[in-house]
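Notes follow the structure.
For the numbers below, each heavy atom of this structure counts, side chains included, while hydrogens, waters and symmetry mates do not. Lettering follows sequence order; numbering is per chain, from 1.
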Amino acid sequence: MGFQPVVLWTDLLLFVLLATAAAAVFYVRANEPLREAWRKVGRRPAGMAAATILLAFVTIGVLDSLHYRPLLPAVDTPVGAVGGQGPPRYSTEVLSVLDAVLEPLRLQTEKTYSAPFAWQLYQRETIELPGGGQVRDYPRLVHGASHLEDPVADKDADLSRRVLAGLGQALFAWLATFVVLATLVWRGSGLGWGEIVAALLAGRTVLAWRAALVTLGLIFAIVAICIELAPLYHVLGTDKVGQDVLYLALKSVRTALVIGTITTLVMMPFAVALGIAAGYLGGWVDDAVQYVYTVLNAIPGVLLIAAAVLMMQVVIDTHPQWFDTAAERSDARLLALCFILGITSWTGLARLLRGETLKLRELEYVQAARAFGVRTPAILRRHILPNVMHIVMIALVMDFSGLVLAEAVLSYVGIGVDPTTISFGTMINMARAELAREPMVWWSLAAAFAFMFVLVLAANLFADVVRDAFDPRRG
Amino acid sequence: MLAYLVRRALYAIPILIGVNLLTFVLFFVVNSPDDMARMHIGVKRATPEAIERWKVERGYDKPMFVNAAAEGSARFTDTIFFDKSLRMFALEFGRADDGRDIGQEIRDRMGPSLAIALPTFVLSLFVSISFALLLVFFRATYLDFWGVVLCVAMMSISSLFYIIGGQWLVSKMWALVPISGYAPGLDATRFLVLPVLISVVAGMGSSARWYRTIFLEEISKDYVRTARAKGLSELAVLFRHVLRNALIPILTGVVVVIPLLFMGSLLVESFFAIPGLGSYTIDAINAQDFAVVRAMVFIGSVLYIIGLILTDISYTLVDPRVRLE
């Protein structure tokens, strides 16, 4: 085997989350009211478009969560040495499938800053002329546009040719998707294929497929153009140490997703269990739970997070022996951050659930169950839990975007992810000093801004649609 | 009312004790003072003597909870727990790592924090509520639709970008105000305009949308229909009835933060180099000055509890039906 798989803790939790999501899909398919609620989500164009974008981000995140350590090339055994080849040795560098896909981007580093699509470095350097002598000029990039003989004359033509080629491929892929989707909708619809195509194009299908298709078309176009251009140019420029900004932005997606999803995953069991218990059981349980969440609430969130992260940092720094690789170390820090954010954010959900449970326990069917002698755990499981799940669901999607934004701020402040973890916060942090340069280096910030904006906007729109569909008060 | 307030104040005590214990566990039990010393000195240079010296200098050399060597009440008062934790109730915060008195520092820095937080608070309340009322007035029109879209888009931008973008545009491109800094007295206005403006804009998206939801919920109630049937104009309905009745849910969210205004904003203060409590906290976090962070946590929770009590009082002022008993 040419590699050794590595499963980091956050990977594991992310896969657990995906499996749960898959199980939930099966459950929803069998449950008519839930199916109807989700259909409501699908009917809204904003919901479908946002879901398509989120799916694209999730794909990036999942690819970036399949980690492995590549095999090091075998060292030549010296002549006469006994034993021949030892056990295979793996690199201490942990890579992901996304790294492998983006290999040209990851490895083609320049010396320092270069603008998007540039062929020259951003800084003047002393260049040795071939015929002797020196000149101070912007040197050519090692990788960016290095395939061009005469960049000044050829660059524009080369760019437009490649963009067109990319668009062509995107169109082709989009048409293929369209045909597959039309066929899927057509099957079991009882209509003619042509009618289905017409309905899709006019946006007259039950689910808002047209919005999804338009979004997908845009994503395909951007991806195809990047596939054409990225190996030859630095599409979004390079940062201070010459790393491709597009690569950094794509790698940040996983960090954002991990923070946004795993945090809610770790806090949800606490919030649900404690909130329901407090609401249903009342008495001292209620007092205790209320006390705990008032105490946690009383501390301003950022400060509690700061305090906890500082402590975690000391623990991690004083126990280097716990971690084999740097990736495991920064992963531990990421996971710790998820836990800390989770601990500070479960209180709101718990309070909501407590209130809802107080209401539910007085309803007739719950009282009937109690009168029939159904035991408390069974009532909680069968009658209370399913009827508060929509609140959990809404809280889950609503929290996501807030957590993504929080990660950036916390990492910027220095109490977020490990500085070696690529995230939007660390990207912004590094880009901040560049703004003072003359002329300004704007592309790192712009890239972080654009990626975050699209991700958070999609999450916000999706959350809105989900809330509208699941909140009974918003019929 | 008074009895209620006294009871609430008494109820605050167990919560403060809880906060205190929690921070104590976080700062001293999760990591021993030895670990902290090692961090501060640097793992490579941390000899046992250096660690011991560091601990003695900062008073971390005492036993944690019970001092077996001491006599009488000193068995419990001559401990880390008493020195570092219980003393906070008397607002004695001790010294920061740079040797300065934390209490004095907090008193000095409260002013600049308030100077920026108070105008921000008032202005953003005013702007967001006005905007929300505007959207509600034009509800179910294109203006409402695009207004909400604008709100969602504004919510989706990280506050970091508002600050960075605002500084770049206003200070650097237009050169209207200094990029950062602070001056005491009236000179401060020059430095405060931009941070206040940015904070207001950054918070507008989410709060305007939230107020809009509250107003819409209120406007669907029966008394509003009655008021309209009576022949009141839409504006009169909005301002005289809906706004007043929507104040209760708005107060719930808003009054709690008033005392916290003293703490300032971490981000804005540190970006604009304003010597308030927010930037103090950030500096302490970066310097890993645990004493300062602990003090700020404690003060924050005290202020939060004051905020909760203020919220209750404000209810009675807005809604005569609410009686505190």
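Of the atoms belonging to B/L260, it is side-chain heavy atoms, and not backbone ones, that fall under 4.5 Å from chain A. Residue A/F453 touches chain B through both its backbone and its side chain, counting heavy-atom pairs closer than 4.5 Å. Looking at B/F298, there are no atoms closer than 4.5 Å to chain A (heavy atoms on both sides), in backbone or side chain. For A/A459, no part lies near chain B; criterion is any non-hydrogen pair under 4.5 Å. Residue A/D464 touches chain B through its side chain alone, counting heavy-atom pairs closer than 4.5 Å. Looking at B/I282, only its side chain comes within 4.5 Å of chain A, counting heavy atoms on both sides. If you measure heavy-atom distances from A/V302 to chain B, the contacts under 4.5 Å come from the side chain alone. Looking at B/L266, only its side chain comes within 4.5 Å of chain A, counting heavy atoms on both sides.
When each of A/V309, A/L304, A/L445 is scored by its heavy-atom pairs under 4.5 Å with chain B, the top score falls to A/L445. The most heavy-atom pairs under 4.5 Å with chain B, out of A/V454, A/L461, A/I299, come from A/I299. Counting heavy-atom pairs closer than 4.5 Å to chain B, the top-ranked of the candidates A/V292, A/V315, A/L455 is A/V315. Of the listed residues (B/L26, B/L22, B/V302, B/V293), the one with the most heavy-atom contacts under 4.5 Å to chain A is B/L26. No other option in A/T294, A/V404, A/L296, A/V409 has as many heavy-atom pairs under 4.5 Å with chain B as A/V409.
Distance alone, capped at 3.5 Å, places no donor-acceptor pair between the A/Y412 side chain and the B/L267 backbone.
The line from CG of B/L160 to CE of A/M452 is 7.0 Å long, rounded to the nearest 0.5 Å. One distance of note links OH of B/Y304 with CG of A/N297; it measures 4.0 Å at 0.5 Å rounding.
Side-chain contact between A/L405 and B/S159: absent, with no pair of heavy atoms (C-beta onward) separated by less than 4.5 Å. Taking 4.5 Å as the limit, every side-chain heavy atom of B/I164 sits out of range of all side-chain heavy atoms of A/F449. Side-chain atoms of A/I415 and B/N286, non-hydrogen and from C-beta on, never get closer than 4.5 Å to each other.
Checked against A/V295 for a side chain to side chain contact (heavy atoms under 4.5 Å, CB included), the options B/V19, B/N20, B/L21 give a single hit: B/V19.
Nearest heavy-atom pair across B/S156 and A/N460 is OG-ND2, 3.0 Å. Listed here is the closest heavy atom pair of B/S301 and A/P300: N-CD, 4.0 Å.
If you look at A/F424 and B/F161, their ring centroids are not closer than 6.0 Å.
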